[in-house]
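Since the model is a prediction, treat every value here as computed from it, not as a measurement. In listed order, ligands and their atoms are each counted from 1. Counting from 1, the numbers follow the sequence of the chain as shown.
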Amino acid sequence: MSVNVQQYREINGICKQRNVTLVAVSKTKPAAEILELYQLGHRDFGENYVQELVDKQQQLPADIQWHFIGHLQSNKVKYIAPFVHMIHGVDSFKLLKEINKQALKNNRVIHVLLQVHIAQEETKFGLDEKELEELLSSPELSLLQNVCIRGLMGMASFSDDTELVRSEFKMLRTIYETRQPQTTFNLRFEILSMGMSADYRIALEEGSNMVRLGSLLFGARR
Ligand SMILES: *Cc1c(COP(=O)(O)O)cnc(C)c1O
């Protein structure tokens, strides 16, 4: 297995042209393969596991922008807070507060996306619309000086039913557009992160401006 460079160039071209951020999801893949994309100019990489991310960050160039895209437990935020660029899966105020606390300790601002539950499956994490509303209108939000909420992230159902997937992305886009909060120092909704290897084309058609691609670029994971 190795990086599919041609595929990368093609997809990266599409993303650049549309102003879409391509996050290369490198979970389970060796540092050498990340370096291969790095040498082609790529800087945004996504990881799902805290320990793996910490290990790779230590081995790889410091100007990589690391995206944590997995489910993050509050007690592990401290390990990635010194360097993580963006945390995609924030789905509770408790987690947001912990990210703020650890960012403050490191004297930095961590960018986050709120994860919205759009899939039919029970297993996917995320806020429902009401919880999102509550979080965004919480008076405590203005106390969090070391996080910046940059937008929403969602995962569609793992399904061959493209119309189902499309309808879930449509729903997330509608939420993103209709729930646009007023911009403040820690609230700047500009990112709609949706689309993985199997469904990124549909996600782009439905208005995604950040896709997270693993297997298309690095080959299948074991
Ligand atoms: C693993 C993962 C991806 C990438 O998945 P592929 O199907 O390999 O593109 C994207 N987003 C999240 C949240 C993931 O966990």
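Within the listing of ligand 1, atoms 4 (C), 9 (O), 10 (C), 11 (N), 12 (C), 13 (C) sit less than 4.0 angstrom from a heavy atom of R212. Distances below 4.0 Å separate heavy atoms of K27 from the following atoms of ligand 1: 1 (C), 2 (C), 3 (C), 14 (C), 15 (O). Counting atoms of ligand 1 from 1 in the listed order, those under 4.0 Å from a heavy atom of G214 are 4 (C), 6 (P), 8 (O), 9 (O). Per-residue contacts place S197 under 4.0 angstrom from the following atoms of ligand 1 (heavy atoms of the residue considered): 6 (P), 7 (O), 8 (O), 9 (O). Close contacts between ligand 1 and M155 involve ligand atoms 13 (C) [criterion: under 4.0 Å to a heavy atom].
Between H67 and H88, the ring-plane angle classifies as perpendicular under the 30° and 60° cut-offs. Using cut-offs of 30° and 60° on the angle between ring planes, the pair H42 and Y8 is perpendicular.
Of all protein heavy atoms, the one lying nearest to atom 12 (C) of ligand 1 is I69 CD1, 3.5 Å. Ranking protein heavy atoms by distance to atom 5 (O) of ligand 1, first place goes to M196 CE, 3.5 Å.
For the ligand labelled ligand 1, residue R221 lies inside the 4.0 Å heavy-atom shell. For the ligand labelled ligand 1, residue L213 lies inside the 4.0 Å heavy-atom shell.
Between the N100 side chain and the N146 main chain, a donor and an acceptor come within less than 3.5 Å of each other.
Annotation for R9: atom CZ does not count as buried by contact number, only 12 or fewer foreign heavy atoms lying within 6.0 Å. Residue-environment remark: CG (N107) stays at or below the threshold of 12 foreign heavy atoms within 6.0 Å.
Among G46, G89, S215, the residue whose heavy atom lies closest to atom 7 (O) of ligand 1 is S215.
The residues K56 and E47 are annotated as salt-bridged, a charged nitrogen and a carboxylate oxygen being separated by less than 4.0 angstrom.
Here V109 sits alone; no ILVMFWY side chain lies under 4.5 Å from its own, so it joins no hydrophobic cluster.
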